[in-house]
K.L.:
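Take this structure first; my questions come after.
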Amino acid sequence: MKKPTFRRILREFSGFLIFFLSVGFVVSCCMMLFLNVLSKEMGLVYTTENIAEAAKITFLNVLILTLLFKTVDFIRRKIMVEKPVKSITEAAEKIMSGDFSVRVKRMHGSGMEGFNQVGEAINAMTEELSSVETLRTDFIANVSHEMKTPLAVMQNYGTLMQAPDLPEKKRIEYAKAITDGSRRLADMMTNILKLNRLENQQIYPNLTTFDLGEQLCESLLQYESVWEKKNIEIETALAENVLVNADSELLLLVWNNLFSNAFKFTEEGGKVTLTLTADKTYATVKIADTGCGMSADIGAHIFEKFYQGDTSHATQGNGLGLALVKRVVDIMQGEIAVESAVGIGTTLTVKIRRM
Ligand code: ADP
């Protein structure tokens with residue numbers, strides 16, 4: 001709030017003076033007219049004394065009236081304008097200094113509607129700002145946490161590799177650990193960038209018509225070495241000629257993430273089933289596994305960024321995969337659902353519009 005300066009006091013005083021002179025002028029003119037009429041009616045004669053007396057009384061009356069009016073106006077302004085303006089200005093100053101917890105209190109009394117509307121808008125803004133701030137700090141904390149582990153692993157193995165006379169087998173093992181760590185970091189950065197692009201920019205899907213069954217097979221085949229190594233049985237039931245008009249690059253991201261999870265969370269000797277069905281309007285893809293499954297509590301959070309329900313596989317991911325999947329499905333105005341039972345398996349169902 002501005003402090004009363006000499007200039008401000010001068011401005012207030014000159015305001016009062018102008019007001020006083022204009023009221024004085026108007027009232028004096030009226031008075032003179034009134035006296036003129038009265039004197040004519042009563043046959044009175046003007047003398048210098050009674051004119052001076054009338055002017056003095058008029059002047060004094062005007063002075064008292066303006067002072068009274070200005071005092072009432074001053075008190076009204078203090079209560080009705082300056083107080084609410086002060087509380088709004090103080091809130092704005094706190095927001096500027098980064099304090100988003102501030103809220104403007106509701107003001108009571110008539111004539112406060114306008115100020116209350118401004119206050120409500122400020123409160124809505126600070127609520128929005130504080131939730132964005134929480135998201136931002138959570139995001140930074142998550143990224144830093146996710147970066148720390150692979151970096152620590154890489155540092156340790158880097159130190160170990162410096163040992164003289166290191167056997168060749170160990171050297172290869174350590175080099176592999178460093179490569180894995182750096183791949184994990186690179187994967188995480190790629191996912192963050194993709195998610196950022198999908199969340200913060202207006203995405204215009206690049207629509208082409210393609211065979212969804214073929215794309216699913218192409219994605220599944222990328223995991224051939226994994227299912228062979230873990231001896232996982234594969235079952236597919238794909239409706240033929242399911243053409244969709246969609247962004248193939250974005251959809252591939254969905255299948256890759258879902259297959260990656262299915263194989264990651266399924267133990268040796270398990271089974272992964274891929275089903276594609278379609279009607280005229282929708283294509284439905286189900287990717288089911290006989291893996292560890294998840295509880296309903298975990299299932300409720302899996303589409304959140306950096307959420308990892310199963311910590312035993314934490315090093316093999318970063319909790320961004322399903323957040324990306326959900327974002328893509330939303331962009332395509334599709335639906336995704338999860339069904340899971342601990343120790344039995346998980347099924348993820350994605351439904352997208354065909355055309
Ligand atoms: P990440 O796989 O990197 O941990 P995701 O976002 O892909 O991250 O998945 C989030 C969490 O959802 C996983 O940590 C896991 O707890 C759970 N999840 C996802 N898919 C499956 C699945 N097929 N079986 C069991 N749990 C799963």
Side-chain angles (χ1 to χ4, degrees), residues 135 138-139 141-150 153 180-199 216 219-220 222-223 226-227 229-236 250-275 284-331 334-350:
L135 281 181
D138 279 2
F139 184 78
N142 280 324
V143 173
S144 331
H145 176 78
E146 288 296 321
M147 280 175 82
K148 262 191 194 156
T149 324
V153 170
D180 286 350
S182 59
R183 191 176 302 127
R184 227 184 116 192
L185 276 181
D187 284 351
M188 186 178 74
M189 288 306 163
T190 316
N191 275 347
I192 289 175
L193 290 176
K194 276 185 195 159
L195 203 56
N196 183 48
R197 198 170 70 86
L198 289 174
E199 278 187 340
L216 284 164
S219 171
L220 179 62
Q222 288 181 64
Y223 297 90
V226 185
W227 81 60
K229 197 169 156 201
K230 288 175 94 174
N231 195 25
I232 291 173
E233 188 191 333
I234 302 292
E235 192 181 309
T236 56
L250 286 182
L251 261 192
L252 193 61
L253 202 78
V254 172
W255 316 135
N256 287 349
N257 272 296
L258 296 186
F259 283 129
S260 157
N261 279 346
F263 290 115
K264 184 161 73 184
F265 294 107
T266 303
E267 296 307 321
E268 284 207 18
K271 184 173 163 186
V272 169
T273 310
L274 165 67
T275 322
T284 307
V285 177
K286 278 182 194 280
I287 296 175
D289 63 61
T290 57
C292 58
M294 62 186 115
S295 65
D297 276 356
I298 292 180
H301 297 283
I302 57 172
F303 297 113
E304 289 168 15
K305 270 180 270 181
F306 292 105
Y307 180 79
Q308 289 189 296
D310 179 45
T311 42
S312 65
H313 293 84
T315 53
Q316 295 167 39
N318 43 47
L320 289 173
L322 287 183
L324 264 170
V325 166
K326 177 83 173 78
R327 187 71 195 114
V328 172
V329 173
D330 285 349
I331 288 174
E335 287 166 26
I336 183 162
V338 58
E339 277 170 76
S340 191
V342 179
I344 295 176
T346 303
T347 303
L348 275 127
T349 308
V350 178

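Worth knowing before you read on, the calculation uses all heavy atoms, side chains too, and leaves out hydrogens, waters and symmetry mates. In each ligand, atom 1 is the first atom listed, and ligand 1 is the first ligand listed.
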K.L.:
Less than 4.0 Å is my threshold; does some heavy atom of Asn257 fall inside it relative to ligand 1?
P.N.:
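Per 4.0 Å heavy-atom rule, Asn257 does not contact ligand 1.
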K.L.:
Enumerate the atoms of ligand 1 whose separation from the nearest heavy atom of Lys264 is less than 4.0 angstrom.
P.N.:
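Once the distances to Lys264 are compared, the set is 1 (P), 2 (O), 3 (O).
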K.L.:
One residue to check: Thr266. Relative to ligand 1, which of side chain, backbone, both or neither has a non-hydrogen atom less than 4.0 Å away?
P.N.:
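Neither part.
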K.L.:
With a cut-off of 4.0 Å, which atoms of ligand 1 are near a heavy atom of Gly321?
P.N.:
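Matching atoms, with element in brackets: 6 (O), 7 (O).
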K.L.:
Quick check: do Tyr307 and Ile298 have side-chain heavy atoms less than 4.5 Å from each other?
P.N.:
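The answer is yes, as the side chains (C-beta and beyond) meet within the 4.5 Å cut-off.
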K.L.:
Mark the output for His301 as yes if a heavy-atom distance to ligand 1 is under 4.0 Å, and as no if none is.
P.N.:
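No, His301 has no heavy atom closer than 4.0 Å to ligand 1.
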K.L.:
I need the contact type for Met294 against ligand 1. Using non-hydrogen atoms and a strict under-4.0 Å cut-off, is it side chain, backbone, both or neither?
P.N.:
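Under 4.0 Å from ligand 1, Met294 contributes side-chain atoms alone.
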K.L.:
Could you tell me whether some N/O pair between Leu322 and ligand 1 is separated by less than 3.5 angstrom?
P.N.:
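It does: an N or O of Leu322 is found under 3.5 Å from an N or O of ligand 1.
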K.L.:
Any idea which atoms of ligand 1 are less than 4.0 Å away from a heavy-atom of Tyr307?
P.N.:
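Those atoms are 10 (C), 11 (C).
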K.L.:
Does any part of the side chain of Arg184, heavy atoms only, come nearer than 4.5 Å to the side chain of Asn318, both counted from C-beta?
P.N.:
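With C-beta onward as the side chain, the pair stays apart.
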K.L.:
Show your working on salt bridge (Lys or Arg N to Asp or Glu O under 4.0 Å) between Arg183 and Asp187 and close with a plain yes or no.
P.N.:
CA-CA 6 Å; Arg183 191 176 302 127; Asp187 284 351; over 6 Å; no
K.L.:
Counting both backbone and side chain atoms, is some N or O of Gly319 under 3.5 Å from an N or O of ligand 1?
P.N.:
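Checking ligand 1 against Gly319, an N or O pair does fall under 3.5 Å apart.
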